[in-house]
Amino acid sequence: ALSSGRAFDPVDIEIGPDGAIWVTSWGRQYGVHHEDGKFANEGRIYRFWPKGFSPAVPKRNPAPLSEWKIEELITELESHVPAWRSNAQEELIRRGEAAIPPLLAALEEDDRTTALETWALWTIGRIDPEHSWLDANRNQKIQSLRLQAFHQATTPNVIDALSDSEPRVRLEAVIALRQNGEVDHAEKLIELAATESDRIVYNATWAALLDLLSV
């Protein structure tokens, strides 16, 4: 593939640890290119931030994660750096049941971000696959359904979610039943297909039925 050679030809975008927006851009081609044995394709990296904002990498505990407090690890779950989030999650999972009460407390904070909520839910779900259903809001319902698909565990809550008022929640319930191979619940999907008004949920329901049932 060839780039048009414009100065700004973005490939990827991410928020960096300093809070700025980092964008990678092509050179003249996508990938490494050599001419006469020399590198001839310089890519570009751009860094943006709003006026009045001062990008700065936050100070982090320099100790190994095994020595961090649980509260520090939970704060790390909403970091902009994927590796920091996943490493903190793995350390919380390693600590097991002791991490669950602080994680639940973080889910009660009014100023929690959706990112923190999502990572906290998945951390709890990976520590204790049978943890009770969390459904205080749409995101909690969605993540709980995804966790049940991840663990291939179908509770009555999955069936109840098929009639939820939110299409996104119904969609996740359909996907969970499909991924878990729940042939015994195919009748519920047929009932949903007969009344579903959301196009995406409707198509997903028929796709699930195609997987679960014979002609």
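Keep in mind it's a predicted model, so treat the numbers as computed, not measured.
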**Asked** Same hydrophobic cluster for Ile190 and Leu171, using side-chain heavy-atom links shorter than 4.5 Å among ILVMFWY?
**Response** yes
**Request:** Group every Ile, Leu, Val, Met, Phe, Trp and Tyr by side-chain heavy-atom contacts under 4.5 Å, then state whether Leu116 and Trp84 land in the same group.
**Result:** no
**Request:** Under the side chain to side chain contact (heavy atoms under 4.5 Å, CB included) rule, what do Val23 and Val11 come out as? Steps first, then yes or no, please.
**Result:** CA-CA 7 Å; Val23 180; Val11 177; over 6 Å; no
**Request:** Following the transitive rule for hydrophobic clusters with a side-chain heavy-atom cut-off under 4.5 Å over Ile, Leu, Val, Met, Phe, Trp and Tyr, establish whether Ile21 and Tyr46 coincide in one cluster.
**Result:** yes
**Asked** Any Lys/Arg nitrogen of Arg95 or Glu90 sitting under 4.0 Å from an Asp/Glu carboxylate oxygen of the other?
**Response** no
**Message:** Within a 6.0 Å radius of atom CG on Asp111, are there more than 12 heavy atoms belonging to other residues, nucleotides or ligands?
**Reply:** yes
**Prompt:** Is any NZ, NE, NH1 or NH2 atom of the basic residue among Asp198 and Arg170 found under 4.0 Å from an Asp or Glu carboxylate oxygen of the other?
**Reply:** no
**Item:** Shortest non-hydrogen separation from Ile93 to Ile127 and the atoms involved
**Value:** CA-CG1, 3.8 Å
**Message:** Whether the side chain of Arg112 engages the backbone of Leu107 through a donor-acceptor N/O pair (distance < 3.5 Å, no angle test) should be reported.
**Reply:** yes
**Request:** Look only at the side chain of His151 and the backbone of Gly125, and say whether a donor-acceptor pair between them is shorter than 3.5 Å.
**Result:** yes
**Asked** Between Ser79 and Thr75, is there a donor-acceptor pair closer than 3.5 Å when you use the side chain of the first and the backbone of the second?
**Response** no
**Asked** Which heavy atom of Leu77 sits nearest a heavy atom of Leu103, and at what distance?
**Response** CD1-CD2, 4.0 Å
**Donor-acceptor contact present, side-chain Glu72 to main-chain Lys69, <3.5 Å** = yes
**Request:** Please check if the side chain of Gln140 supplies one atom and the backbone of Ala136 the other of a donor-acceptor pair under 3.5 Å.
**Result:** yes
**Request:** Look only at the side chain of Trp49 and the backbone of Ser54, and say whether a donor-acceptor pair between them is shorter than 3.5 Å.
**Result:** no
**Message:** Is the ring pair Tyr202/Trp206 parallel, tilted or perpendicular, if the boundaries are 30 and 60 degrees?
**Reply:** perpendicular
**Prompt:** Any donor-acceptor pair under 3.5 Å linking the side chain of Asp128 with the backbone of Ile124?
**Reply:** no
**Asked** Can you tell me if Asn61 uses its side chain to pair, donor with acceptor, with the backbone of Ala63 under 3.5 Å?
**Response** yes
**Message:** I'd like to know if the side chain of Asp36 reaches the main chain of Lys38, judged simply by a donor and an acceptor atom lying under 3.5 Å from each other, with no hydrogens or angles considered.
**Reply:** no
**Prompt:** Taking Ser144 for the side chain and Leu134 for the main chain, is one N or O donor matched with an acceptor at less than 3.5 Å?
**Reply:** yes
**Message:** In this structure, would Ile142 and Leu147 fall into the same cluster of hydrophobic residues linked by side-chain contacts under 4.5 Å?
**Reply:** no
**Message:** salt bridge (Lys or Arg N to Asp or Glu O under 4.0 Å), that's the test. Do Glu91 and Arg94 meet it? Break it down for me.
**Reply:** CA-CA 5 Å; Glu91 175 59 22; Arg94 187 188 70 79; 2.6 Å; yes
**Request:** Verify the distance criterion only: is there a donor paired with an acceptor across the side chains of Glu117 and Asn139 at less than 3.5 Å?
**Result:** yes
**Message:** Assess whether a salt bridge exists between Asp164 and Arg138, defined as any Lys/Arg side-chain N lying under 4.0 Å from an Asp/Glu carboxylate O.
**Reply:** no
**Request:** Take Arg60 and Glu76 through the salt bridge (Lys or Arg N to Asp or Glu O under 4.0 Å) test and state the conclusion after the steps.
**Result:** CA-CA 9 Å; Arg60 300 170 68 240; Glu76 194 85 333; 2.4 Å; yes
**Asked** Is there a side chain to side chain contact (heavy atoms under 4.5 Å, CB included) between Arg44 and Thr24 once you walk through the steps?
**Response** CA-CA 6 Å; Arg44 304 173 183 89; Thr24 55; over 6 Å; no
**Asked** Would a line drawn from the ring center of Trp122 to the ring center of Phe150 be shorter than 6.0 Å?
**Response** yes
**Prompt:** Step by step, would you call Lys141 with Glu166 a salt bridge (Lys or Arg N to Asp or Glu O under 4.0 Å)?
**Reply:** CA-CA 10 Å; Lys141 290 180 181 180; Glu166 286 278 357; over 6 Å; no
**Asked** Got more than 12 heavy atoms from elsewhere within 6.0 Å of CD, Glu130?
**Response** no
